[in-house]
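Here is the structure we will look at.
Indexing begins at 1, ligand by ligand and atom by atom, following the structure's order. Heads up: numbering here begins at 1 and tracks the sequence.
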Amino acid sequence: MNLSEMSKEEIAPLLEIEKQKFTAFKSKGLKLNMSRGIHSVEQLEISMPIMDIFHSSAEMKSEDGTDCRNYGNLTGIAEAKRLFGELLSVCEDEIIIGGNSSLALMYDSVSRAMTHGIMGSTPWRLLPEVKFLCPVPGYDRHFGICETFGIKMINIPMSETGPDMDMVEKLVSSDETIKGIWCVPLYSNPDGIVYSDETVKRFANLSPAASDFRIFWDNAYCVHHLTEKENKILNLLEEAKKAGKEDMVFEFASTSKITFPGAGVSVFAASKANISYVESILKYQIISYDKLNQLRHVRYFKNLDGLKEQMVKHREIIAPKFNLVVNTLSEQLDGICRFVKPEGGYFVSVFVPDGCASKVVSLCKEGGVTLTGAGATYPYGKDPHDSNIRIAPTFPPLAELSEALELFCIAVKIASYEKAL
Ligand SMILES: Cc1ncc(COP(=O)(O)O)c(C=O)c1O
């Protein structure tokens with residue numbers, strides 16, 4: 001039954017039962033962290049053969065003869081550009097292979113715009129105000145980048161097809177202080193939303209008031225499917241080219257959730273004009289990224305099919321965990337919570353009754369399970385409804401996840417019942 005249809009007399013005894021369960025649960029002394037989307041040990045094992053690619057007598061030259069042990073090739077080795085270019089369906093001259101983190105590439109892109117502007121525009125640090133649009137709920141680290149640079153963030157509601165495009169179009173075209181928008185277009189973090197073709201087309205056809213407005217297209221989960229059916233989104237750069245607006249796109253991805261988080265390869269894709277602009281400044285920042293890691297990744301995957309085979313292995317390990325989350329929430333919290341079963345990505349985004357998220361997170365902490373902080377999925381850590389909680393189920397083994405979910409459901413019920421009373 002829906003909680004809102006229940007009387008106080010019906011709810012009160014249920015609250016007592018959950019409180020007793022909570023006390024019993026606490027005595028178990030559980031200690032679990034479900035706060036971040038990271039690989040389980042089993043997933044890390046999948047990539048161990050990459051360690052065997054190199055040994056002291058291995059060939060260290062890339063296909064064009066570059067010795068990858070040395071400086072050189074600022075924008076990456078050719079075979080890495082080809083592989084990751086194919087992954088994102090962009091040309092080899094539209095891509096830069098970065099270091100171990102796409103987040104660092106995003107941070108650098110904003111930082112560069114602050115100090116140098118973009119392709120001749122006024123450096124953002126000289127402007128009285130700079131704003132970014134932030135589809136919510138979203139990725140806390142995107143918001144952190146804005147916060148650290150003093151960029152004002154504006155919440156944009158998400159729908160099942162992506163951000164509210166009426167609002168995006170209106171704001172972007174009328175306010176030249178709006179310089180960017182954060183998007184995770186395939187399996188958004190945390191909702192797992194897949195941007196529809198119409199949404200991508202509307203992004204490609206935006207008419208921003210600011211000439212240096214950029215869409216920060218974080219394609220972090222581009223091959224991270226949880227089902228055999230593989231969702232696909234339209235290629236934003238290609239769509240933008242059709243409209244002659246390709247300079248508006250900054251795309252990012254990495255192998256963090258493919259090989260080793262924090263020890264993979266990142267990529268930046270954009271128009272040729274953007275790539276040359278970035279290169280012209282990047283050359284003062286770094287002589288070259290880690291080409292050995294680029295070479296190692298290409299030799300390990302061999303080609304895009306190899307990379308996709310690796311993702312099937314991940315799926316086999318993590319899909320049962322997502323199924324467990326979704327089944328448990330459906331059975332236990334029907335009528336109390338709202339969530340969508342994700343078909344990819346790394347999270348399940350749960351909306352508990354308004355005003356209850358902080359309480360749920362603190363009860364879980366008290367019971368031994370650390371969740372992502374309430375509010376973390378919103379700019380400035382402020383969820384206006386105190387409702388969204390991001391569950392990251394990949395790390396714990398199934399048995400522990402099951403226990404953590406049991407606690408989560410108890411916590412949601414306690415918080416919701418108390419609120420209703
Ligand atoms: C949407 C999104 N972008 C970027 C990252 C971080 O990627 P990287 O390890 O390449 O910095 C994450 C990690 O969880 C993420 O969820």
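Close contacts of ligand 1 with Ala220, meaning ligand atoms under 4.0 Å from a residue heavy atom, involve 1 (C), 2 (C), 3 (N). Each of the atoms 8 (P), 10 (O) of ligand 1 lies under 4.0 Å from some heavy atom of Ser254. Less than 4.0 angstrom separates some heavy atom of Val184 from each of these atoms of ligand 1: 1 (C).
Among all protein heavy atoms, the one lying closest to atom 9 (O) of ligand 1 is Ser256 OG, 2.6 Å. Closest to atom 11 (O) of ligand 1 among all protein heavy atoms lies Ser101 OG, 2.8 Å. If you check which protein heavy atom lies closest to atom 12 (C) of ligand 1, you get Tyr139 OH, 3.2 Å. At the shortest separation from atom 16 (O) of ligand 1 among protein heavy atoms lies Tyr221 OH, 2.6 Å. Of the protein's heavy atoms, Lys257 NZ, 2.9 Å lies nearest to atom 14 (O) of ligand 1. Nearest protein neighbour of atom 7 (O) of ligand 1, counting heavy atoms only, is Ser102 OG, 3.2 Å.
Cation-pi geometry between Lys382 and Tyr378 is not met at under 6.0 angstrom from the ring centre and within 45 degrees of the axis.
Scanning both residues, Val360 and Ala415, for their nearest heavy atoms gives CG2-CB, 3.7 Å.
Residue contacts with ligand 1 leave out Tyr346, since none of its heavy atoms falls under 4.0 Å from the ligand. Assignment of Arg36 to the shell around ligand 1 is not supported, since no heavy atom sits closer than 4.0 Å.
With no hydrogens or angles considered, no side-chain donor-acceptor pair links Asn73 and Ser288 at under 3.5 Å. No hydrogens or angles considered: a donor-acceptor pair under 3.5 Å links the side chains of Asn231 and Tyr187.
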If you apply the rule side-chain hydrogen bond (donor to acceptor under 3.5 Å, both in side chains), what do you find for Ser266 with Asn100, and how did you get there? CA-CA 6 Å; Ser266 64; Asn100 67 333; over 6 Å; no
Could you please spell out the steps behind the side-chain hydrogen bond (donor to acceptor under 3.5 Å, both in side chains) verdict for His116 and Tyr277? CA-CA 10 Å; His116 293 74; Tyr277 143 75; over 6 Å; no
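By the 30° and 60° cut-offs, the orientation of the rings of Phe250 relative to Phe216 is perpendicular. Using bins of under 30°, 30° to 60° and over 60° for the plane-to-plane angle, the ring pair Phe132/Trp182 lands in the tilted bin.
With salt bridges taken as basic N to acidic carboxylate O contacts below 4.0 Å, none links Lys81 and Glu79.
Looking at Asn100 next to ligand 1, no N or O pair under 3.5 Å apart turns up.
With distances taken over non-hydrogen atoms, the option nearest atom 4 (C) of ligand 1 out of Asn219, Ile258, Asp218, Leu103 is Asp218.
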